[in-house]
Amino acid sequence: MNIEITAKPDQGSPIGVFKGVPIPLETAFQDFFDSLEQNLNTFFYGGATFLPTYAKADLPAAADLPDSTLRWMIFVSDDVGGSTPAFWDGTNWRRTSDRNVIS
């Protein structure tokens with residue numbers, strides 16, 4: 001049996017491939033995977049979102065991001081004024097508190 005499972009597929013896309021033939025996604029499967037993801041996040045992280053931590057010197061550059069057009073979020077451990085969550089605006093890492101560039 002040759003089955004390849006796709007994790008968290010988009011609504012309406014194949015859930016996997018069986019011998020080269022896409023298996024259509026059922027709403028029940030999507031609901032199952034959504035519920036499983038939520039339950040795992042609650043179990044491992046207590047329902048909180050985990051942000052990867054970086055020092056300013058090690059902040060990922062656009063070339064290091066799988067898709068630099070997305071709004072990535074991280075935790076910067078040594079920003080001016082202390083540690084802070086930050087987001088990628090497509091060009092710079094910015095603090096979530098005041099939208100200033102990480103410095």
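Taking Asp89 as the reference, Arg94 meet the side-chain hydrogen bond (donor to acceptor under 3.5 Å, both in side chains) condition, with sequence neighbours excluded. Checked against side-chain hydrogen bond (donor to acceptor under 3.5 Å, both in side chains), Asn92 has no partners two or more places apart in sequence or in another chain. The side chain to side chain contact (heavy atoms under 4.5 Å, CB included) test applied to Ser103 returns Asp79, Val80, Arg95, not counting sequence neighbours. Listed by chain and number, the residues in a side chain to side chain contact (heavy atoms under 4.5 Å, CB included) with Arg99 are Phe87 (sequence neighbours excluded). Qualifying salt bridge (Lys or Arg N to Asp or Glu O under 4.0 Å) partners for Asp78, counting only residues two or more places apart in sequence or in other chains: none. Ser77 pairs by the side chain to side chain contact (heavy atoms under 4.5 Å, CB included) definition with Thr53, Ala55, not counting sequence neighbours. Contacts of Trp93 classified as ring pair (Phe, Tyr, Trp, His ring centres under 6.0 Å), with partners at least two apart in sequence or in another chain: Trp88. Applying the side chain to side chain contact (heavy atoms under 4.5 Å, CB included) criterion to Pro52, with sequence neighbours excluded, gives Tyr54, Ile74.
The two atoms that bring Phe75 and Pro85 nearest to each other are CD1-N, 3.9 Å, heavy atoms only.
In the hydrophobic clustering of this structure, Leu65 groups with Val76; members are Ile, Leu, Val, Met, Phe, Trp, Tyr whose side-chain heavy atoms approach within less than 4.5 Å, directly or through other members.
Counting only residues at least two apart or in different chains, salt bridge (charged side-chain N to carboxylate O under 4.0 Å, His left out) contacts with residues 51-64 are absent.
Side-chain contact check for Thr91 versus Val101: every heavy-atom pair is 4.5 Å or farther apart.
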